[in-house]
Amino acid sequence: MILNLPLSYANLRNIFVLGMGISSVANTIPRPKIEARSPTLYTPVAFGLGAAPLIDSLQPYSGTSVTLDSSTPVLTLDYAADVAGFPYFEVTSLIGSATQIELKYSEQFNGLKLDSGDGPWYLTPTILAVLYTNGLSNSFRTETFNITTSGKTESFFIQGGQRWQTMELLSNTSVTISNIGFRASVEINPSDTLVGSFSASNDVYDGLWSLGARAVQASCVEADSQPSTWEISGDGALIRGQYPGTSALGMNYGDYTMSFSTKISRGGTGWRVAAGPNAGYGAYFVLTSNGPQYLSTDNATVPSDSLITTYGFSIVNFYLSSAPPLYYANPFPILDNEWYRVSTAITPSGYNISVNDTQFAFVPYTTFLPYVNAGFGGTELITTGSWGFGPFQDQAAYVKDVEVIGQDSTVLYTNSFTSTDILAEYLVASNAYAVCLDGAKRDREIWIGDFSHTAKELAASTGRYDFIESMIEFTFAGQFTSGPAAGIVPMQDSMGSAPEYQSVYYPSQYGETDYELFFLLTLGDYYALTSNTAFLSKYWNGTKLLVDAMLTYLDPSTGLLANSSASWFTAQGQQNATAPTALFATSLQQLAIVATALQDPTTAAHYTALSANLSTAINTQLWNPTLGAYSTALTNGVRESDTSVLATAFTIRAGIANSSQATSAVQALDSLFYLIGYKDSTAVGNSATTQLSPNVQGFLLESLFLAYTQSNVTAEVVVPVLHNLLDVYWPRMLNQNEYFTGASWEYVYADGSPGIGMFTSLCHPWGARRRMF
Ligand SMILES: *[C@@H]1O[C@H](CO)[C@@H](O)[C@H](O)[C@H]1NC(C)=O
Ligand SMILES: *[C@@H]1O[C@H](CO)[C@@H](O)[C@H](O)[C@H]1NC(C)=O
Ligand SMILES: *[C@@H]1O[C@H](CO)[C@@H](O)[C@H](O)[C@H]1NC(C)=O
Ligand SMILES: *[C@@H]1O[C@H](CO)[C@@H](O)[C@H](O)[C@H]1NC(C)=O
Ligand SMILES: *[C@@H]1O[C@H](CO)[C@@H](O)[C@H](O)[C@H]1NC(C)=O
Ligand SMILES: *[C@@H]1O[C@H](CO)[C@@H](O)[C@H](O)[C@H]1NC(C)=O
Ligand SMILES: *[C@@H]1O[C@H](CO)[C@@H](O)[C@H](O)[C@H]1NC(C)=O
Ligand SMILES: *[C@@H]1O[C@H](CO)[C@@H](O)[C@H](O)[C@H]1NC(C)=O
Ligand SMILES: *[C@@H]1O[C@H](CO)[C@@H](O)[C@H](O)[C@H]1NC(C)=O
Ligand SMILES: *[C@@H]1O[C@H](CO)[C@@H](O)[C@H](O)[C@H]1NC(C)=O
Ligand SMILES: *[C@@H]1O[C@H](CO)[C@@H](O)[C@H](O)[C@H]1NC(C)=O
């Protein structure tokens, strides 16, 4: 899921947030125990050696020994399709005392040409695309290793999704490398070995089916398969460079002094104060040592023996959303492998930072203040919010004995950081549940709306119903059972968190109200797929409570979903809209069937009546005879002149559109077609960067078949649209080698390239074809 909005203040306000991960590890830092888990390895199929990344004339790879030297410093590796896991390689010989190698990862080939690969976080003036969480993976897409002896090296961090990799020799040395690959963090099997299969006379259709089959395998992770990115020891938490984890316990505190002891293993240590629930957006500090720096270190951005301070997400790549960093030279040298006590006081006019009782900087709020209102937190965030920890890229440091003291000297928090109990509090616990992420590489969050596609793809391909069940169990575990949000389930959850902290992230991580409806839809889909009443009965009370919560969003005058506290993803944020209301109607119809199966006829009748009322409300107010389609929404009580793909798709699926309405609405899709696919809405303009959403078109595809089978729309009307989807639009994910990942994409531009540029997830189940009933 990505928020893809014009970068206006109003939109910024609606953005909930971010996240990310991590970076590498020096040889001097103790290695984590490698747990016995899947022995699966993903190895490259082809390689090329040269001075730059190569896509053409690659040679077959089979553990081949390859020598990198100053004339051929770059090894390109092609895995043929997206894979995921812990990168490893074996050095068989090396010349020179210490060799520095930078590994780089990308889903699309062109990411290899960028300094930072296809990460870490890209923002453009028109698209606000943020990561939302640490994701229990590397926050960065490059990682440098300092190799001094031959043998095997494995990264501490998962790289969540990539087809391409380079290894680049940075030092003036020579090194011979063999046996490169990834130790699997997910199990990905070839499409033709799965229990579900698809075969058509058309190879392209077979290829399209495989995209979803790979995407769900790469994005659905087994319980405890994604280890914590913090390592707890008797010496505190060893935290390698990664997006900071913020405590769930300090969001309401302010004007405090936070102190901790830290020992830098390599490069630097990093922390936050005044950090908000939106991925810790707030103040961020990095203290660097005078120790050795990697040749890949950007000395201008991360100078050694300095204090680097900023406000926002991080110190790089947060165009418009992070303050330009302020730099302070350290008054005395900070050494690697020495303990220091670092204190940060939130004062009325600035952050006052001292190390071992010597003032290192007084950082005035002046240049940070313009970033406080950037949509990620309240106006008090400069002095209020929690604390967190995370060194910058390729750094590593121990952190222990964290203490937070209020203005009146009250001890607000102390923690020795020697117990794994802290991991969920800081959003970095290993995943307790088997869950499906929205994408293999990004966001690596659990978006319950995206899952409505994923669930049906699982059913059609791997048959892993246990993932669907685990997602349902996980989601209900986080449900609010009382209070103002009673019934609401997490819609954007982090693997590293735990249900007990859910309320901390409400409402900031609950920004799409119709994602709750998608969850209701999935419950009904699950019943349709399995008839498993025993399982669903365990959650029937929770299901009904969620329906009740959704009913409170109905506008009493229109009978449509509309409430100023709600936001509707399926209607581009509009209120009184067709698509979310029709989605609710479908969900209720499906749940009425579940209610009957669970012998709850009262509820079945109630849901059927509610659904009928929603249908009437839509047909009386939103059918637009001029358009020959449903209006996207009411504006000032009047049906507007715009229509949308989901207004058509969801009214057909809900049976709200009668045969003639469905026929003319499908015909009206012509007005949404742009170059290769359908725009979300007629309100969207045409340009090179117009996005064509495979998620939205996936719902359309399903509804086209239903239009034909259930609504008597003729083949003459339906087939041209099917043809556009299956022969023109989706094949773009198959037929361009520089972008191909073997998996479905998050967005597509009208020229057929990935839709939010380098940031686009190219392994996103929401972009695949759904299973048909
Ligand atoms: C690399 O090392 C070789 C000898 O090992 C030396 O001759 C050469 O000047 C070095 N090149 C650079 C750029 O330092
Ligand atoms: C690489 O390792 C060598 C040997 O331990 C060490 O002397 C050197 O400082 C290290 N370089 C970096 C950048 O860590
Ligand atoms: C950064 O500084 C280190 C020495 O502190 C140096 O070895 C390295 O080449 C520099 N990196 C860049 C990119 O300038
Ligand atoms: C800094 O303080 C720590 C105790 O927190 C002490 O162990 C260390 O020696 C001190 N270092 C310096 C350079 O004063
Ligand atoms: C900042 O902390 C130093 C001690 O490290 C103290 O002397 C100074 O008064 C503090 N400044 C402010 C503005 O609080
Ligand atoms: C539903 O019932 C179960 C078992 O009694 C309970 O654990 C859960 O909290 C209930 N959920 C709601 C939403 O009341
Ligand atoms: C809907 O809006 C009303 C105010 O018009 C508010 O009182 C109510 O709580 C809202 N419903 C929800 C679920 O927020
Ligand atoms: C459906 O709408 C009718 C007429 O507005 C109303 O009387 C009835 O209570 C509604 N049914 C439900 C279940 O909301
Ligand atoms: C929904 O439409 C009704 C009728 O025009 C209007 O009174 C109400 O304010 C709208 N709701 C929202 C949240 O815009
Ligand atoms: C379908 O709905 C349209 C618009 O309300 C109406 O004019 C038409 O008569 C309906 N057709 C049928 C067969 O009910
Ligand atoms: C479709 O046609 C069949 C047979 O003519 C009819 O029974 C059915 O009601 C029609 N369905 C719709 C939605 O118009």
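All values below were derived from every heavy atom in this structure, side-chain atoms included, with hydrogens, water molecules and symmetry-related copies excluded. We're numbering straight along the sequence, starting at 1. Each ligand, and each atom within it, is numbered from 1 in the order the structure gives.
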Novice: Minimum distance, heavy atoms only, to atom 1 (C) of ligand 2: which one of Thr144, Asn146, Leu170 is it?
Specialist: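 It is Asn146 whose heavy atom sits nearest to atom 1 (C) of ligand 2.
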Novice: Charged N to carboxylate O under 4.0 angstrom, Asp394 versus Arg240?
Specialist: no
Novice: Using 30° and 60° as the class limits, which term best fits the ring planes of Trp339 and Tyr398: parallel, tilted or perpendicular?
Specialist: tilted
Novice: Could you tell me the residue and atom name of the protein heavy atom closest to atom 14 (O) of ligand 8, and the distance to it rounded to 0.1 Å?
Specialist: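 Result: Leu610 CD2, 3.4 Å.
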Novice: Identify the closest protein heavy atom to atom 8 (C) of ligand 1: which residue and atom is it, and at what distance?
Specialist: Asn172 ND2, 3.6 Å
Novice: Do the ring planes of Trp568 and Tyr553 sit parallel (below 30°), tilted (30 to 60°) or perpendicular (above 60°)?
Specialist: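 Correct class here is perpendicular.
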Novice: Using 4.0 Å as the upper bound for N to carboxylate O, is an ion pair formed by Lys104 and Glu143?
Specialist: no
Novice: Provide the number and element of each atom of ligand 2 under 4.0 Å from a heavy atom of Thr148.
Specialist: 2 (O), 3 (C), 4 (C)
Novice: Got the closest protein heavy atom to atom 11 (N) of ligand 8, with its distance?
Specialist: Asn613 ND2, 2.9 Å
Novice: Is it the case that Arg272 places NZ or CZ above or below the six-membered ring of Tyr284, under 6.0 angstrom from the centre and within 45 degrees of the axis?
Specialist: yes
Novice: Which class fits the ring pair Tyr426 and Trp230: parallel under 30°, tilted 30 to 60°, perpendicular over 60°?
Specialist: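 Plane angle between 30° and 60°, so tilted.
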Novice: Check whether any heavy atom of Arg266 sits under 4.0 Å from an atom of ligand 2.
Specialist: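 False for this residue.
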Novice: Would atom 4 (C) of ligand 1 count as contacted, meaning some protein heavy atom under 4.0 Å?
Specialist: no
Novice: Which atoms from ligand 2 have a heavy atom of Gln293 less than 4.0 Å away?
Specialist: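 What qualifies from ligand 2 is 13 (C).
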Novice: For the pair Lys263 and Asp401, find out whether any cationic side-chain nitrogen is under 4.0 Å from an anionic carboxylate oxygen.
Specialist: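 No, no charged N to carboxylate O under 4.0 Å.
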Novice: Which ligand 2 atoms are under 4.0 Å away from a heavy-atom of Gln100?
Specialist: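 Ligand 2 atoms under the 4.0 Å threshold to Gln100: 13 (C).
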